[in-house]
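Beneath this line is the structure, given in structure tokens, with notes to follow.
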Amino acid sequence: RALAQDAGATVEAWAGAEAFGRIWSLYTGTTVALFAPLSTDGLRLRAVAGYGDYRTGTLGFADLLIGYHAQLGTFTIKVFGGAMLATHNAADPFSEMDGTDFGAKGVVETWWNLTDQIWLNTDFAYGSLHDTYMARMRLGWRLTPELSLGLEGGAAGSLATDIARAGAFLRYEWASGEVTVSGGVAREGFDLVWDDTTGAYATLSILTRF
């Protein structure tokens, strides 16, 4: 059975890191429940910021989003929309992705407790700035109420590059937070042409509620 979350928490904060070959990123974010706890339906305000280094330059980014959380039985959905900012320092002087730009962004996140032991999580995001996108799915099995393991797959990219990956994860949760580690194999493509850049990836994320 799923572990009960802190029913009175109104703020969710997280930080994480990802690495694949010469590509890496660090990020942090906060979601605030407006007018009611995180455990109830209602409006949400989210802010995210991070920094990354990829093979054609560096990137600083930030999002400011507003959305809604809805609980439909064992199915949870969160929908966000708002603004995104990105500052690229491109190694290629002719790159379309250089300097600071703004755009619009949309996010959809779902969580479905299929049974007491099995759950499915999906995250999708698209930004108008440089056609930025992200999609991820995790299928988890609860070994105990606190500990889950499972499989994950996804893709992310923009005008600069596209990366697809598949692997496994381990997630430990408690009433006011969780930590997740994952790893597997990723493959990078440039301008939608897949090349031979294939290797291992690893991620770490920590979340707390208060």
Side-chain angles (χ1 to χ4, degrees), residues 10-35 38 41-70 76-111 121-137 154-165 180 186 188-194 197 201 203-209:
T10 58
V11 178
E12 194 172 66
W14 66 92
E18 300 186 357
F20 161 58
R22 291 182 297 165
I23 301 171
W24 59 267
S25 65
L26 302 171
Y27 58 87
T28 185
T30 302
T31 297
V32 179
L34 303 177
F35 317 120
L38 289 164
D41 293 357
L43 293 173
R44 302 288 188 268
L45 185 65
R46 174 177 291 183
V48 180
Y51 179 84
D53 191 313
Y54 53 101
R55 67 177 183 175
T56 58
T58 61
L59 165 67
F61 59 91
D63 302 334
L64 184 60
L65 311 171
I66 190 166
Y68 192 83
H69 167 114
T76 305
I77 183 168
K78 304 175 187 178
V79 179
F80 290 89
M84 64 182 299
L85 173 150
T87 298
H88 288 266
N89 182 10
D92 179 0
F94 302 103
S95 173
E96 298 180 48
M97 298 173 59
D98 197 21
T100 300
D101 294 290
F102 296 86
K105 186 171 185 177
V107 178
V108 178
E109 300 171 349
T110 71
W111 183 284
N121 165 230
T122 63
D123 297 326
F124 303 97
Y126 176 78
S128 63
L129 183 58
H130 308 308
D131 286 332
T132 305
Y133 72 92
M134 184 280 293
R136 186 188 67 192
M137 181 176 71
S158 64
L159 290 176
T161 189
D162 301 274
I163 299 175
R165 65 191 191 188
T180 304
E188 182 185 12
F190 185 74
D191 290 338
L192 300 182
V193 178
W194 296 106
T197 307
Y201 76 88
T203 76
L204 168 67
S205 65
I206 302 172
L207 179 147
T208 186
R209 305 177 190 90

Counting only pairs under 3.5 Å, give me each side-chain donor-acceptor contact of residues 77-88, with atom names and distances, residues two or more places apart or in other chains.
from	atom 1	to	atom 2	distance (Å)
T87	OG1	T100	OG1	2.9
H88	ND1	Y54	OH	2.7

Return a table of donor-acceptor pairs under 3.5 angstrom between the side chains of residues 11-29 and protein atoms on other chains or two or more places apart.
from	atom 1	to	atom 2	distance (Å)
E12	OE2	R209	NE	3.1
T28	OG1	W14	O	2.9

Closest approach of G103 to L129 (non-hydrogen atoms, all atoms of both residues):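 Minimum heavy-atom contact is CA-CB, 4.2 Å.
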How long is the straight-line distance from CG of L34 back to CZ of R44, given to the nearest 0.5 Å?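 So the CZ of R44 and the CG of L34 are separated by 8.0 Å.
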As an exercise, state the distance from OG1 of T30 to CG of L45, rounded to the nearest 0.5 Å.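 Here the rounded value is 9.5 Å.
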Within 6.0 angstrom of M134 CE, more than 12 heavy atoms from elsewhere: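 Enclosed.
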When you look at R46 and D63, which way does the side-chain contact (heavy atoms from CB on, under 4.5 Å) test go after all the steps? CA-CA 8 Å; R46 174 177 291 183; D63 302 334; over 6 Å; no
A side-chain contact here means heavy atoms from C-beta on lying under 4.5 Å apart; do [X] and [Y] qualify?
| X | Y | value |
| --- | --- | --- |
| Y126 | V107 | no |
| T203 | R165 | yes |
| D101 | H130 | yes |
| L38 | H69 | no |

All side chain to side chain contact (heavy atoms under 4.5 Å, CB included) counterparts of T180, not counting sequence neighbours: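 Partners of T180 under the side chain to side chain contact (heavy atoms under 4.5 Å, CB included) test: R138, F169, R171, E178, S205.
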For side-chain contact (heavy atoms from CB on, under 4.5 Å), just list the numbers for T110 and F124, CA-CA rounded to whole Å, side-chain angles, deciding distance to a tenth of an Å, and then say yes or no. CA-CA 9 Å; T110 71; F124 303 97; 5.7 Å; no
